[in-house]
Amino acid sequence: SLQDQFDNLEKHTQWGIDVLEKFIKFVKERTEIELSYAKQLRNLSKKYQPKKNSREEEEYRYTSARAFLATLNEMNDYAGQHEVISENMTSLITGELTRYVQELKQERKSHFHDGRKAQQHIETCWKQLEASKRRFERDCKEADRAQQYFEKMDADINVTKADVEKARQQAQLRHQMAEDSKAEYSSTLQKFNSEQHDHYYTHIPHIFQKIQEMEERRIVRIGESMKTFAEVDRQVIPIIGKCLDEITKAAESIDHKNDSQLVIEAFKSGFEPPGDVDFEDFTQPMKRTVSESSLSNSRADGKSEPKFGGKSKGKLWPFIKKNKLMSLLTSPHQPPPPPPASASPSAVPNGPQSPKQQKEPLSHRFNEFMTSKPKIHCFRSLKRGGAGPEDFSNLPPEQRRKKLQQKVDELNRDIQKEMDQRDALTKMKDVYIKNPQMGDAASVDHRLAELGQNIEKLRLEVQKFEAWLAEVEGRLSMRSEARRQSGLYEAQNTSAVNSCAQDRESPDGSYTEEQSQETEMKVPATDFDDEFDDEEPLPTIGTCKALYTFEGQNEGTISVAEGEMLYVIEEDKGDGWTRIRRNEDEEGYVPTSYVEVYLDKNAK
């Protein structure tokens with residue numbers, strides 16, 4: 001029936017709306033996934049970004065690290081495209097379809113309301129037709145009964161004439177009523193047939209047509225939404241492709257040679273590699289060149305004195321850690337004293353050697369170092385990476401030069417900032433002078449004075465660090481020049497060392513180790529053993545003879561007597577001081593003009 005068709009259409013259109021709502025829910029969950037994915041990508045990129053003021057910022061000098069940073073930034077942009085997908089899907093699909101579903105529900109409701117109204121109207125017309133038909137049928141039956149009653153009364157001779165007349169009038173009345181009911185029924189029937197024709201051929205088809213159009217629009221709309229769903233994704237593909245291209249470009253920009261060179265520049269020390277180890281000829285006891293190990297063994301055989309740190313080291317100096325005492329035993333800052341007017345007879349090169357001064361225990365030097373606060377506060381701070389000296393003298397030459405250069409650049413930037421502030425305040429003061437209503441010109445004088453003082457202090461700091469930098473650069477250039485000229489002294493050094501062989505015997509007749517041998521520092525076990533067990537004394541690079549007596553009264557210097565033979569552990573770097581060692585316990589600086597230096601051919 002028609003009602004069944006309406007029920008079927010109603011169920012089908014409701015299913016269509018459910019499909020739309022299901023698709024809306026699907027897209028909404030997709031946008032949530034895109035947002036969550038973008039958030040996770042951003043958090044991931046942020047997690048691996050370099051921390052400010054951390055060591056990681058220095059690592060991004062390397063091309064591989066910069067490529068990784070570029071990858072992180074591109075991933076951040078990549079996440080942004082997924083956010084764009086979510087935003088576009090929400091606005092173009094979810095929002096639009098939600099409004100469309102509401103409109104569709106209203107339109108569907110209106111169409112089915114019109115259908116039900118038309119159905120109710122035709123049913124009403126049918127009921128009116130049925131009522132008219134029943135009334136016509138009833139009136140016809142009443143007219144027949146009245147006619148029969150009249151005929152019966154007319155045939156009965158016992159009935160009065162008045163009763164017969166009354167029955168005749170009643171029969172006529174009923175007959176008239178039947179005629180009226182017939183006319184009404186005929187009219188109602190014609191009206192119902194016309195309404196029924198319009199209902200089935202006009203109204204209902206029109207409603208069905210509207211429902212069909214509504215359903216087709218829904219189908220087209222969901223198809224367009226699915227295309228939009230794909231198009232939104234496709235629109236960001238070029239940008240995502242650019243992100244991936246940038247990641248590829250960053251990867252291709254990695255330069256392994258450049259990174260290796262940066263590592264070399266960062267850790268270059270400026271030290272020279274050790275020379276060749278001399279051959280130890282034990283068949284000629286008086287002419288042998290004693291090695292580090294033989295010296296250690298001979299010392300160990302003759303003495304049971306505990307060695308510094310409780311260990312015997314075999315490492316060479318350029319490859320060991322920086323000696324913590326080196327920052328204390330630095331070259332004195334004042335210029336060396338001039339040599340005496342005339343040398344004493346004992347200063348003759350092959351003359352008798354003066355008696356050596358009594359050894360100064362290294363533990364006394366420790367106490368002196370610990371109480372010298374301007375030099376160093378605590379050995380443990382050096383061991384554990386505490387603040388080093390201001391001039392970076394605890395670093396190797398090349399590293400010290402770089403640190404000083406960085407400090408000079410940093411101070412120059414600070415000066416520029418202060419000068420910019422001063423210029424800005426000066427302009428503001430000029431504006432206040434020309435326009436007093438804008439402010440008091442005297443209010444900026446105090447700040448200008450402060451900036452001037454700050455600039456002057458920074459300039460003094462720059463001069464100080466530039467002086468240290470010039471000193472380091474001068475020493476490095478002098479050291480390279482000395483290396484070029486070292487070949488000129490080989491013959492002289494060989495003869496000078498041989499001429500000193502007669503002085504290598506101790507008073508008791510025992511053999512004294514050759515002065516080119518590197519010794520080990522020996523001290524009684526102290527609380528500092530654990531702090532210095534990784535350190536070794538500097539190696540000897542030659543010998544020297546004191547030409548004059550020198551009383552070392554300043555910190556870092558050492559007293560020598562005329563004619564005394566000593567070990568050289570560091571050449572004059574241009575400041576007029578040479579670093580020497582008397583024995584395992586005593587070492588320091590003496591004026592270069594007070595000694596005659598014999599460098600070893602193969603200094604370790």
Which heavy atom of [X] sits nearest to which heavy atom of [Y], and what is that distance?
| X | Y | answer |
| --- | --- | --- |
| L20 | L104 | CD1-CD2, 3.9 Å |
| I24 | T98 | CD1-N, 3.7 Å |
| E390 | F465 | O-CE2, 3.5 Å |
| R108 | E10 | NH2-O, 2.9 Å |
| Y432 | V444 | CE1-CG1, 4.4 Å |

Next on the checklist: Within 45 degrees of the ring normal and closer than 6.0 Å to the centroid, is that where the cationic atom of R221 sits relative to Y100?
Outcome noted: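 Judged by the rule, R221 and Y100 form a cation-pi pair.
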Is the backbone N or O of [Y] less than 3.5 Å from a side-chain atom of [X], with the two atoms forming a donor-acceptor pair by type?
| X | Y | answer |
| --- | --- | --- |
| R218 | G16 | yes |
| S45 | L41 | no |
| T63 | D255 | yes |

Checklist entry - Excluding sequence neighbours, so at least two apart, what forms side chain to side chain donor-acceptor pair (under 3.5 Å) with N76? => result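 Only R42 meet the side chain to side chain donor-acceptor pair (under 3.5 Å) criterion with N76.
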Next on the checklist: Once side chain to side chain donor-acceptor pair (under 3.5 Å) is applied, do any residues pair with Q261, and if so which ones, sequence neighbours excluded?
Outcome noted: E265
Determine whether the side chains of [X] and [Y] contain a donor N or O and an acceptor N or O closer than 3.5 Å.
| X | Y | value |
| --- | --- | --- |
| E216 | Q212 | yes |
| D77 | Q81 | no |
| N454 | E450 | no |

Which value, rounded to the nearest 0.5 Å, describes the distance between [X] atom [atom1] and [Y] atom [atom2]?
| X | Y | atom1 | atom2 | answer |
| --- | --- | --- | --- | --- |
| E107 | I211 | CD | CD1 | 9.5 Å |
| L458 | K417 | CG | NZ | 11.0 Å |
| E87 | T31 | CD | OG1 | 10.5 Å |
| L448 | M428 | CG | CE | 9.5 Å |
| I93 | K227 | CD1 | NZ | 13.0 Å |
| E96 | T228 | CD | OG1 | 9.5 Å |

Item to check | Working for salt bridge (Lys or Arg N to Asp or Glu O under 4.0 Å), residues R30 and D233 | outcome: CA-CA 11 Å; R30 165 74 189 277; D233 227 332; 2.6 Å; yes
Item to check | For Y62, ring pair (Phe, Tyr, Trp, His ring centres under 6.0 Å) partners two or more places apart | outcome: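 Applying ring pair (Phe, Tyr, Trp, His ring centres under 6.0 Å) to Y62 gives none.
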Item to check | Listed partners of F229 passing ring pair (Phe, Tyr, Trp, His ring centres under 6.0 Å), at least two apart | outcome: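 Result, ring pair (Phe, Tyr, Trp, His ring centres under 6.0 Å) vs F229: F26.
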Item to check | Chi angles and distances behind the side chain to side chain contact (heavy atoms under 4.5 Å, CB included) call for Y567, I580 | outcome: CA-CA 5 Å; Y567 303 120; I580 64 172; over 6 Å; no
Checklist entry - Who pairs with Q40 by side-chain contact (heavy atoms from CB on, under 4.5 Å), at least two apart in sequence or on another chain? => result S36
Next on the checklist: Holding to side-chain contact (heavy atoms from CB on, under 4.5 Å), I want the full list of residues that pass it with D440, two or more places apart in sequence or in another chain.
Outcome noted: A442, S443
Item to check | Pair E34-E83, side chain to side chain contact (heavy atoms under 4.5 Å, CB included): steps then yes or no | outcome: CA-CA 6 Å; E34 293 290 344; E83 291 176 346; over 6 Å; no
Item to check | salt bridge (Lys or Arg N to Asp or Glu O under 4.0 Å) evaluation trace for E21 with K105 | outcome: CA-CA 11 Å; E21 291 179 339; K105 288 181 177 180; 2.8 Å; yes
Checklist entry - Does atom NZ of K242 have more than 12 heavy-atom neighbours from other groups under 6.0 Å away? => result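 Atom NZ in K242 is not packed in, count stays at 12 or less.
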Checklist entry - What's the verdict on salt bridge (Lys or Arg N to Asp or Glu O under 4.0 Å) for R413 and E410, showing C-alpha distance, side-chain angles and the deciding distance? => result CA-CA 5 Å; R413 288 193 296 269; E410 179 183 346; 5.3 Å; no
Item to check | Ion pair check, K210 and E213, cut-off under 4.0 Å | outcome: no
